[in-house]
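Working notes, structure below.
Bear in mind that the values here come from a model prediction, so they are computed numbers and not experimental data.
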Amino acid sequence: SYTVFDYNDYTDNIACFRIPSIVSYNNTLLAFAEARQFNCDDCGFSRIVYKSSTDRGRTGGTLLFLTQSGLRAKNPTVVYDPSTQQILLHYAIGYTSSAQCCPAESNWQAISSNGKDWIYKNISAYLHTFVGSLPGPGNGYYDIQTRRILFPYHYKTASRLNGQAIVLYSEDNGSTYTRGETQFDGTDEASITQWN
């Protein structure tokens with residue numbers, strides 16, 4: 001095993017790294033995480049950070065920032081689309097309540113073809129009544145047969161009223177999304193896998 005984020009990365013008031021997500025493409029690994037600022041509280045300020053490695057994770061290079069300081073950017077969840085050779089990352093920003101981390105205020109997608117330059121898009125409207133759901137944590141899923149991109153989300157938590165897990169999927173390489181018809185009651189922090 002190799003350390004990705006270490007004490008040398010504690011800059012910009014970073015107190016700890018949580019909620020990792022990793023993707024492999026073109027012999028490159030990108031490792032993402034929440035960089036929680038000032039303290040390690042779930043609902044505190046945080047940035048999405050990442051590192052790039054071309055030696056199978058042995059070294060991770062410079063800490064890079066996907067989102068700016070002063071936000072509550074949460075739950076980076078990434079997938080690679082081999083049909084377009086693009087990296088798609090979903091995350092949430094802000095909170096509707098100072099006492100709870102979920103739901104957030106908005107949902108976002110960042111897309112890159114090189115792991116350095118990103119195009120950002122507010123995708124909140126695709127979640128409808130589940131705006132502010134947190135993606136993941138973990139990874140999205142690319143279905144090779146259907147070329148469908150899927151992201152797991154959770155709205156509130158399993159222990160709270162109306163806590164549910166949902167799926168957001170795209171059939172046009174992340175240009176638009178559809179919310180799955182099924183909501184999984186009393187669940188949160190879901191993952192997606194293929195079951196044959």
Aromatic centroids of Phe184 and Tyr155 separated by under 6.0 Å: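 No; Phe184 has its ring centre 6.0 Å or more from that of Tyr155.
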Non-neighbouring partners of Asp42 that pass salt bridge (charged side-chain N to carboxylate O under 4.0 Å, His left out), sequence neighbours left out: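 For Asp42 the salt bridge (charged side-chain N to carboxylate O under 4.0 Å, His left out) partners, ignoring immediate neighbours, are Arg36.
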Do [X] and [Y] have side chains that approach each other closer than 4.5 Å (heavy atoms only, starting at C-beta)?
X: Gln109; Y: Tyr126; value: no
X: Arg56; Y: Ser24; value: no
X: Leu30; Y: Val78; value: no
X: Leu71; Y: Arg47; value: no
X: Ile166; Y: Leu127; value: yes
X: Ser191; Y: Pro152; value: no
X: Lys121; Y: Ile119; value: no
X: Gln86; Y: Ser112; value: no

Same cluster or not: [X] versus [Y], using hydrophobic residues (I, L, V, M, F, W, Y) connected whenever any side-chain heavy atoms lie under 4.5 Å apart?
X: Val79; Y: Tyr91; value: no
X: Leu29; Y: Leu89; value: no
X: Phe151; Y: Val23; value: no
X: Phe130; Y: Ile149; value: yes
X: Val131; Y: Tyr153; value: yes

Residue pair Asp55 / Ser53: nearest heavy atoms and the distance that separates them: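 Minimum heavy-atom contact is OD1-OG, 2.7 Å.
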Minimum-distance pair of heavy atoms, taken over all atoms of Ala92 and Ala104: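 In terms of heavy atoms, the two residues are closest at CB-CB, 3.7 Å.
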Please tabulate, for the side chains in residues 60-69, all donor-acceptor contacts under 3.5 angstrom to protein atoms that are two or more places apart in sequence or on a different chain.
residue: Thr67; atom: OG1; partner: Ile48; partner atom: N; Å: 2.8
residue: Ser69; atom: OG; partner: Gln37; partner atom: NE2; Å: 3.0

Using atom types as modelled and distance alone, determine if a side-chain donor or acceptor of [X] lies under 3.5 Å from a backbone N or O of [Y].
X: Arg72; Y: Cys43; result: yes
X: Asp172; Y: Ser175; result: yes
X: His154; Y: Pro135; result: no
X: Gln183; Y: Glu181; result: yes
X: Lys74; Y: Leu134; result: no
X: Asp12; Y: Ile14; result: no

CG/Asn39: more than 12 non-hydrogen atoms of other groups inside 6.0 Å: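 Yes, because the 6.0 Å sphere around CG of Asn39 holds more than 12 heavy atoms from other groups.
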Atom CZ of Arg147: over 12 foreign heavy atoms under 6.0 Å: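 Incorrect, the count does not exceed 12.
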Residues Leu168, Asn107; criterion side chain to side chain contact (heavy atoms under 4.5 Å, CB included); working and verdict: CA-CA 12 Å; Leu168 199 64; Asn107 295 94; over 6 Å; no
Rounded distance [0.5 Å steps], [atom1] in [X] versus [atom2] in [Y]:
X: Gln164; Y: Thr182; atom1: CD; atom2: OG1; answer: 11.0 Å
X: Asp81; Y: Arg148; atom1: CG; atom2: CZ; answer: 13.5 Å
X: His90; Y: Ser21; atom1: NE2; atom2: OG; answer: 11.5 Å
X: Asp41; Y: Cys16; atom1: CG; atom2: SG; answer: 8.5 Å
X: Tyr120; Y: Trp108; atom1: OH; atom2: CH2; answer: 10.5 Å

Residues forming a ring pair (Phe, Tyr, Trp, His ring centres under 6.0 Å) with Tyr80, sequence neighbours excluded: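 Per chain and number, Tyr80 pairs via ring pair (Phe, Tyr, Trp, His ring centres under 6.0 Å) with Tyr25.
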No-hydrogen, no-angle side-chain donor-acceptor test under 3.5 Å, Gln194 and Tyr141: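 Looking only at side-chain atoms, Tyr141 and Gln194 do form a donor-acceptor pair, the distance falling under 3.5 Å.
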Residues Asn26 and Thr28: side-chain donor-acceptor under 3.5 angstrom: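 On atom types as modelled, these side chains do not qualify, holding no pair under 3.5 Å.
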Sole candidate of Tyr10, Tyr50, Tyr7 that passes ring-ring contact (aromatic ring centres under 6.0 Å, His included) when paired with Phe17: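 Among Tyr10, Tyr50, Tyr7, the one meeting ring-ring contact (aromatic ring centres under 6.0 Å, His included) with Phe17 is Tyr10.
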Worked check of side chain to side chain donor-acceptor pair (under 3.5 Å) between Asn75 and Thr77: CA-CA 6 Å; Asn75 281 49; Thr77 304; 5.5 Å; no
